[in-house]
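Just so you know, ligand 1 is whichever comes first in the structure, and atom 1 is the first atom listed for that ligand. Values in this document were obtained by computation on a predicted structure and should not be read as measured data.
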Amino acid sequence: MNQDLPRLHRYPFEKLAELKQGLQPPAGLDHIALSIGEPRHPAPQFVVESLISHLHQLSNYPSTRGAVELRAAIAGWTSRRFGIDPDLVDPEQNVLPVSGTREALFAIAQAVIDRGDDPLVFMPNPFYQIYEGAALLAGADPVYLDCTADAGFLPDFDAVDDKQWSRCQLLYICTPGNPAGAVMSTQDLQRLIELAFRHDFVIASDECYSEIYPDEDNPPPGLLGAAAQMGNDRFERCLAFHSLSKRSNLPGLRSGFVAGDAAILSRFLLYRTYHGCALPPATQTASAAAWSDEHHVIENRARYREKFERVLGLLSATLAPQPPQAGFYLWPETPLADTEFTRRLYAEQNVTVLPGRYLSRAANGRNPGENRVRMALVAPLDECVDAANRINTMISAL
Ligand SMILES: Cc1ncc(COP(=O)(O)O)c(C=O)c1O
């Protein structure tokens, strides 16, 4: 067996299931899950119809590179969204469709890491656990960059010395972040690009929450826009990962893309050809339709805005969560240890949240997820409101 397999950590939801074991929530209250980041707004009907009406394409093998129509739709979206000259985002060279960003975020480490060179892979802490597993199975050591409230929930890059940077081969960033929703500015991103050139590493920017933000006039910036603005118009060392899962409420479609540095993407395509992760033809056609429409995305944001307004108002006197800059999570501090808070909330109110410590590692003296919980406002408005009221009831009984 692969010697690195035992290095993988248990997934947060396994730990959560164990934490809840043996607890008996009140039978009269329906269960509300705020723990899982699975969008629950309806999938856009036109995408569903496109998928159904193209199912006859099942008799063809799809190409890993993806159909030209899909790559053109992705390139067009990327240049419009991030204000990049359309000539710079070449559908032939700068984009690859992926079967959901999860597999691609994992696979990129397998393609770029040189395991013979004592590699380090940097990532935020707390983090999406795929980054860590990807690093471990690529034979690298993860370096966890704590994202604390003091640093605006962004990774503390100043804590990294030149010696560590010199061993960095891949840096994962997540902007807007999961779980705190912190957004990196264009200046932050440009600083990282400079570091990537200085120390010869690749930046994998996970931007799967970039389309869920409160202010229509202020969308979060992305890595490729930052690169183009500083004159790195070939996106050297830069890869951005985008997903239809959260943007378009299509987590079951398994569709996203990676865009950026053509030289890295051509080698990643070689890797992916062997890996065997081409999107089914009908998925590709439906995805092209989704990337070409913004109406449903604007509508989606309006729904989240309404939920955040209501829930933040209700929780203001108890957990008082900070409104996230983007994304659909709240990341409040808890009046009890996060695990105990989670257990009691489930046992007393049948509401499940995710203990913060399950999303992070105690790598630098303390676990930055401790005494926080992640709450995903994915359920319909009335369910989210009900959950907030139950949280208040539980806290007032403490
Ligand atoms: C931070 C982050 N990145 C990536 C993903 C993967 O999304 P998908 O594989 O559906 O594109 C998720 C899913 O929850 C996530 O939270």
For the student: nearest non-hydrogen atoms of C208 and T101, plus distance: CB-OG1, 4.3 Å
With heavy atoms of S245 as the reference, note each atom of ligand 1 found under 4.0 Å away. 8 (P), 10 (O), 11 (O)
Taking all heavy atoms of S360 and all of N367, pick out the closest pair and write down the distance. OG-OD1, 2.5 Å
Assert yes or no for the condition that the ring centre distance of F328 to H41 is strictly below 6.0 Å. no
Contact check: R102 vs ligand 1, nitrogen or oxygen atoms, below 3.5 angstrom: yes
Which one of S166, C168, P119 satisfies the side chain to side chain contact (heavy atoms under 4.5 Å, CB included) criterion with F201? C168
Atom 4 (C) of ligand 1 - nearest protein heavy atom and its distance: Y128 CE2, 3.3 Å
I'd like the name of whichever of E207, H242, K246 reaches closest to atom 14 (O) of ligand 1 through any heavy atom. K246
So is there a nitrogen or oxygen of S255 less than 3.5 Å from a nitrogen or oxygen in ligand 1? no
Side chain or backbone, does Y209 bring an N or O within less than 3.5 Å of an N or O on ligand 1? yes
Hey, which atoms in ligand 1 end up nearer than 4.0 Å to a heavy atom of G100? 9 (O), 11 (O)
At a 4.0 Å cut-off, with the gap strictly under it, does some heavy atom of C208 reach an atom of ligand 1? yes
Suppose I only count heavy atoms of C174 and a 4.0 Å limit; which atoms of ligand 1 are within that range? 1 (C)
Tell me which part of E103 gets within contact of ligand 1: side chain, backbone, both or neither, using heavy atoms under 4.0 Å. neither
What part of N178, side chain, backbone, both or neither, has a heavy atom within less than 4.0 angstrom of ligand 1? side chain
Take atom NE2 of H31 as the centre, draw a 6.0 Å sphere, and report whether it contains more than 12 heavy atoms from other residues, nucleotides or ligands. yes
Specify the protein heavy atom at minimum distance from atom 7 (O) of ligand 1: its residue, its atom name, and the distance to 0.1 Å. T101 OG1, 3.3 Å
Please check if the side chain of K246 supplies one atom and the backbone of S210 the other of a donor-acceptor pair under 3.5 Å. no
Short side-chain donor-acceptor distance under 3.5 Å, N232 and R237: no
Please state whether G256 comes within less than 4.0 angstrom of ligand 1, counting heavy atoms only. no
Atom 1 (C) of ligand 1 has as its nearest protein heavy atom D206 OD2, 3.3 Å
Quick one: does L244 get a heavy atom under 4.0 Å from ligand 1? no
Do side-chain atoms of T78 reach the backbone of I74 as a donor and acceptor pair under 3.5 angstrom? yes
Can you name the atoms of ligand 1, numbered from 1 with element, that are less than 4.0 Å from a heavy atom of R254? 8 (P), 9 (O), 10 (O)
Less than 6.0 Å separating the ring centroids of Y329 and Y209? yes
Work out which heavy atom in P221 is nearest to a heavy atom in F82; give both atom names and the distance. C-CE2, 4.1 Å
